[in-house]
Amino acid sequence: MNITVKLFASFRTGRFEIESRDYPPGTSVADVADSLKLPRHELGIMMINSRHVKLDRLLAEGDTLALFPLLGGG
Amino acid sequence: MNAVAAFFKNHAVADLLAWQHQLEAAEHFGLSIAETEAIILDNGLLPARYQRNRQTISQAGQRELFRSQVAVIGCGGLGCYIVEELARLGVGRIVVIDPDTFEEHNLNRQLFSSPWQMGEIKVSAAVRRVADINPAVTVVAHQDALSRENGVELLSGSRVAVDALDSIGVRLQLADVCTLLEIPLVHGAIAGWFGQVTTRFPGEETLSNMYGSDKSAKGVESSLGNPSFTPALVASLEVAEVCKLLLGQGRSLRGRQLMIDLLSMDFCELVL
């Protein structure tokens, strides 16, 4: 299935800003993050089609997944 | 008090009262600068220091800011700039909470830090700085770490809380305290070239959606650090949110989150 993946902030470094990618049915948000070698502890806001989701959420054909790193500094 | 008001009316040029006369009145009538500021604003006059606020903030708005108390939690990269801007804006009472002292690695970005004052208590530096730049403003300093236990007492009387923390766990506790006190929380966080700002109203899930429930989580700032410009920018955005909330003007970031990427110079808004 075709998924549009959008990466933000430090996740773009050495990766991409937006890419259309193929994943098998049953792929979760965690699977996509792992395939991009995004450390789990760095994952902040995760959105599918502009709605908050958790790591175990399964993707569907045509979804847009947006991943933001966790920012905690002050 | 009538004699003081009359003194100010006599010395005002149009409705502007020069600092020199404010200081003279404080000395002559035995009042604090804060007391003179209240009398000036209550009599429809404006301390001249605020004349360039004027196209943005009305005289009544300036009075409203002076009568407001705002709590700034954290006095580091974000907090120093936030305190500076709130004081120059004319917010009358600023509560500043931070347990730490300045260290060498703060010098690249923390406005109140100086190589000549290493080891100074951060909230004491805030008191010193505000006394220097706007003596009409009262700073209530707490050298303490905010928690769910002490938060209600520390933030009591504040109309808005401003998040300038560097800990996700404490942020989640701050959000709970703001819900108990029924006050809005302006959230900001930074890491390297990146930052985010939003405004959370009591009871909203904004921070828990963002951070989950892992209170020990660390953001990417632990590897990216923080340069000078990111805290200055995010702090300014937070103060603009505070100003609007206090004045009841404009459209806040409630339900929206501004994501800032200064490396790509890309600002995007998430609808929460």
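Numbered from 1 within each chain, the chains take letters A, B, ... in sequence-line order.
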Residues B:Asp261, A:Arg12: salt bridge by 4.0 Å N-O rule: yes

Is it the backbone or the side chain of A:Arg51 that comes under 4.5 Å from a heavy atom of chain B, or both, or neither? neither

Measuring heavy-atom distances to chain B, does A:His52 have an atom under 4.5 Å in its side chain, in its backbone, in both, or in neither? side chain

Measure B:Val271 against the heavy atoms of chain A and call it side chain, backbone, both or neither at under 4.5 Å. backbone

Does B:Arg200 come within less than 4.0 Å of B:Glu205, counting only side-chain N to carboxylate O? no

Side chain, backbone, both or neither: which part of A:Met46 has an atom under 4.5 Å from a heavy atom of chain B? neither

Heavy-atom pairs under 4.5 Å with chain A are the metric here; pick the option from B:Arg171, B:Arg109, B:Gln110, B:Lys218 that has the most. B:Arg171

Main-chain N/O of A:Val32 paired to A:Ser35 side chain as donor or acceptor, under 3.5 Å: yes

Any donor-acceptor pair under 3.5 Å linking the side chain of A:Asn49 with the backbone of A:Thr64? yes

If you define the side chain from C-beta out and look only at heavy atoms, does anything of B:His187 sit under 4.5 Å from B:Glu238? no

In terms of heavy-atom proximity below 4.5 Å to chain A, should B:Leu165 be classed as side chain, backbone, both, or neither? backbone

Centre of B:Phe201's six-membered ring, under 6.0 Å away, within 45 degrees of the axis: is that where NZ or CZ of B:Arg254 sits? yes

Suppose a student defines contact as a heavy atom less than 4.5 Å from any heavy atom of chain B. Which residues in residues 65-74 of chain A would they list? A:Phe68, A:Pro69, A:Leu70, A:Leu71, A:Gly72, A:Gly73, A:Gly74

Top contributor to chain A interface from B:Gly74, B:Gly77, B:Gly225, B:Gly76 [non-hydrogen pairs under 4.5 Å]: B:Gly77

Chain B heavy atoms under 4.5 Å from A:Ser50: which part of the residue, side chain, backbone, both or neither? backbone

Heavy-atom neighbours of A:Lys6 NZ exceed 12 at 6.0 Å: no

Are there over 12 heavy-atom neighbours, none belonging to A:Glu61, within less than 6.0 Å of that residue's CD? yes

salt_bridge(B:Lys244, B:Glu241) N-O dist < 4.0 Å: yes

Hey, does the side chain of B:Thr230 reach the backbone of B:Ile190 with a donor-acceptor pair shorter than 3.5 angstrom? no

Using heavy-atom distances under 4.5 Å, tell me whether B:Asp163 contacts chain A through its side chain, its backbone, both, or neither. neither

Does any heavy atom of chain A fall under 4.5 Å from the side chain of B:Ser167, the backbone, both, or neither of them? backbone

Are B:Ser68 and B:Arg159 close enough that a side-chain donor and a side-chain acceptor fall under 3.5 Å? yes

